[in-house]
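Proteins get letters first, then strands, A, B, ... in listed order; numbering begins at 1 in each.
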Amino acid sequence: MQGIEINHLEHRYGRKAALCDVNLRIPPGLYGLLGRNGAGKTTLMRILATLLPCTGGRVTVNGVPLAEAARVRAMVGYLPQDFAAWPRLTVRETLGYFGTLSGMGARDLQKRVPAVLAALHLQAQAGTKVRALSGGMLRRLGVAQAVLHDPPVLIVDEPTAGLDPEERVRLRALLAALAAQGRTVLFSTHIAADIEAVCTGLAVLDAGRVRYAGTVAGLKARTGAKTLEQAYLACVRGGDA
Amino acid sequence: MRLFLWECRRVLKSVSYWLFAAALVLFLYSQGALPVTEGGDAFVRPQPGDERGVLVPGGDEALIMPQAAATLLGAWQENRFTTYPPPLCVWRQVRLSETKHAALGEVLAALYGQDAAALPPCGPGAAGFLASADGTLVPAAGGDAAALPALRPGLTWEEFTAAMGKADRLLGGGSDWAPAGLGRKFGLVPARYADLLAEYEACMQHDRYTGAYARLFCDYAVLALALFGALPAVALFLQDAGARRGVRDAVWVRRVPTAGLVAARCAALLALEFLPILIMDAALTAYYAGRYGAGAIAPGAFLRYSVLWLLPTLALCVAAGALLTAATGTAAGAAVLPALGWLSIISHTGGLSDGSSYGSLLTPRHNTVGRFLVYQRNLPRLLAGRGAALALAGVLTAAAVWALRRRRKGVPLWRFGN
Ligand SMILES: Nc1ncnc2c1ncn2[C@@H]1O[C@H](COP(=O)(O)OP(=O)(O)OP(=O)(O)O)[C@@H](O)[C@H]1O
Ligand SMILES: [Mg+2]
C-alpha cells in the first residue's frame, strides 16, 4: 500500500503533548502541511523519519510500520527544518558522503550528484565549501541531499524558507514533478500560496491536532474563502473561537 | 568499504587529527625517542667487575623484612615520611598526627615484639644505612641485616606484609612500604656478573638492537596515545552526534546501519592514528639499519612491537572516545579520557623497568633500552593486558553502537522513574 497512513498518533515531550490523536492518510502525490509555529509539524515529520519514537498509535510508510526503522529509512528522504552541514566539506563532497551513507555506489553517485545539482541550480557551487554558501543555497543543498538517493517518500520541512522568489517557484515545480512520478511528498510551509500552487491534498495542524485534512479546494469551499491563505486563517481562527 | 574511505577523508580533514599527530611526534621527540641515541650500554658486552656497585632486587624475604621495618622505624622516630600518594602520585612529606603516630608505633611494636620507643635509633648514620638523595633511608648495599634491630622471632611474611599494608594506609598510601612494592625497594643484592652477561647475550641474540629500541619507543608512544589518542575520535563523532539537530537528523535518517557507521569510523580512526606510528617505525628502522648495518638489526621489530604494544591501547582510546561522544553528544570525552590516561601513567611511577606495569590496560611501561629477559619473563602479563584492552575496546564499541542506535531513534539513553 503506497503512501503514509497515520492512525491515532500521539507524541509527548515529557509532560507536554505535542501531537494528539492525529489521523491522516497521505496518498502518493504532493501533500501540504500547514500550521502555526509550534503546531507540531516538525514533530510529525521527525516521527515519520524515525528520528522520534512513535509512542502511541500506528503509522505505516508505504505499508511498512515505523518500528521497522531500517526499512523505513531506506525509503525516506528527509529535509530537516534546520538543515546544516559540515563547513569544511564542499557541496559535492557533502552529497558524496550523504549518498554513501544511503548506500549508493560510486557509479550511482557519479550519475546522481550532477543531476541533483542541476535540478537545484547548484552546479556553480559544486566546488564551494559549505561554509561559503548563502542561506538559500544551503537550503537547496538540504533539498539536494533529501532527493539524492531518489527515495519513494520525501519529507521536506519548510523547503522554501529563505529562498528567493525565483528559486521558490523552481523548487515547487521540482517537488511537483517528483510527486507526479508517483512519489509521496510531504511538504510543510508557512506560505499558503506554495501549497495552493502545487498541492492537491493538505492538512492543517493546530496545537497537535488535525484541524482539517482534505483537498485544497475542499478547505476553500468549507470556509467560503477565495485564497488558501484566507481559508487557512479562517480555519485556525475558527478553532480558537 | 566506501564508507570507510569517506570516514578516512573526514578524519584527514579534521584539525584534531593533525593536532594528535603533531602531539604524538613532538612528545616522542621531546623524550629523545626519535631516535634514541643513548642507552648503548645494553649493547656493550659486560666485563667482569662491571657488576660492582649495581644492585638488583633479590626477592629474599629474610632480607626484605628487617630492612623495610628498620627504615619505617627510622622515619617513625623522626616522624618524617616520604610518600607519593595516589591519585596524583607526586612527592609529599608526611608528618603524622599524634594518634596516627601512636598507631604506627603499635604496628612497629608488633613487628619487633617490644615497645617501639625502646628500639635503638635508625636515623641517618645508624649502622647499615645510607641516606638517599630525596632524604629517605636506604639500606646499605649488600644489606647487612645483622646490623639492623632484630624482628620478633617467628614473624611470618604474611603477618609482615599485613603490617606494612596497615602502615602504608596510615601514611595515606603511596609509601615505600606499600606491600606491592616491597620487593623493589628492599632486599637489593649486588648484581652477579653471570646475570649481566645473560641479559646482554639475550639482548644481542633476540633484540638485535631494534627490538630493544622498539620497546623503549613503545614505552614512550603508549603515553602519548593514552593522553591524546581519544581526541580525533571525539571530534569525528561530535560532527554529527554532537552537532545541531539539522546535521544529526540528515545523517541519522539514512539507511546506513548504526553498527556499520560506528565500525567504519572506528576503523578509519584506528588506521589513520596508527599511520604516524608506522611512518616512525619505518624511519627508525632505517635509521638503526644505517647505524648498525642492515644485517645486524631485526627489520620487523618496530612493526611487531608497535602492533603488539600500541594498537590495543589505541583501540581502547578510540572506542572510549566513540562511546562517550555517541552517548552524550558532548565533548566530555576530550576531558575525561586524557585525564584517565594521565591517571594510568602516574599510577605506575615505581618500577617502570621491571615489568611490574606490563599488565596495564592503557600504559604498559618498559622504560629502558635492553632488559630482554625482563620482557621475556613478563610477556604473559603483557599479552594478558593487551588482550584485555582489545576485549574492552570491543565491548566499548558495542556499547557505542547501542547508544547511537537509541539516540538515532530519539529514545533517551536513561529513563529516570517512568
Ligand atoms: N525537543 C523538544 N522538547 C520539548 N518540547 C518540544 C521539543 N520540540 C518541540 N517541542 C514542542 O512541541 C510543540 C511542537 O513543535 P514543532 O517543532 O513540532 O512545531 P512546528 O509546527 O514545526 O513549528 P514551526 O512552525 O515553528 O516549525 C511545540 O510546542 C514545541 O514547543
Ligand atoms: Mg517546524
Checked I47(A), L51(A), D82(A), I155(A) vs chain B; the most non-hydrogen pairs under 4.5 Å come from L51(A)
Given A74(A), A69(A), G142(A), the one with more heavy-atom pairs under 4.5 angstrom with chain B than any other is A74(A)
With a 4.5 angstrom heavy-atom cut-off, is it the side chain or the backbone of R71(A) that approaches chain B, or both, or neither? neither
Please classify the contact of M104(A) with chain B as side chain, backbone, both or neither, using a heavy-atom distance under 4.5 Å. backbone
Quick one: which residues of residues 239-246 of chain B reach chain A at under 4.5 angstrom, heavy atoms only? Q239(B), R244(B), R245(B), G246(B)
Proximity breakdown for L109(A) and chain B, heavy-atom pairs closer than 4.5 Å: side chain
Counting heavy-atom pairs under 4.5 angstrom with chain B, the leader among A70(A), P151(A), G105(A) is G105(A)
More than 12 foreign heavy atoms under 6.0 Å from CZ of R209(A): is that the case here? no
Members of residues 308-340 of chain B whose heavy atoms come closer than 4.5 Å to chain A: none
With chain A as the partner chain, list the residues of residues 250-278 of chain B whose heavy atoms fall under 4.5 Å from it, by residue number, and write 'none' if nothing qualifies. A250(B), V251(B), W252(B), V253(B), R254(B), R255(B), V256(B), L261(B), R265(B)
Heavy atom to heavy atom, less than 4.5 Å: which residues from residues 88-102 of chain A reach chain B? R88(A), L89(A), E93(A), G96(A), Y97(A), F98(A), T100(A), L101(A), S102(A)
Option that, when pairs with chain B are counted at under 4.5 Å, heavy atom only, ranks first among A106(A), A146(A), A85(A), C54(A): A106(A)
Under the side chain to side chain contact (heavy atoms under 4.5 Å, CB included) criterion, do W86(A) and K13(B) qualify, and how do the steps go? CA-CA 11 Å; W86(A) 303 281; K13(B) 282 192 175 227; over 6 Å; no
Residue pair D249(B) / P80(A): nearest heavy atoms and the distance that separates them: CB-CG, 3.9 Å
Where is the tightest heavy-atom contact between G410(B) and P53(A), given as atom of each residue plus distance? O-CD, 3.5 Å
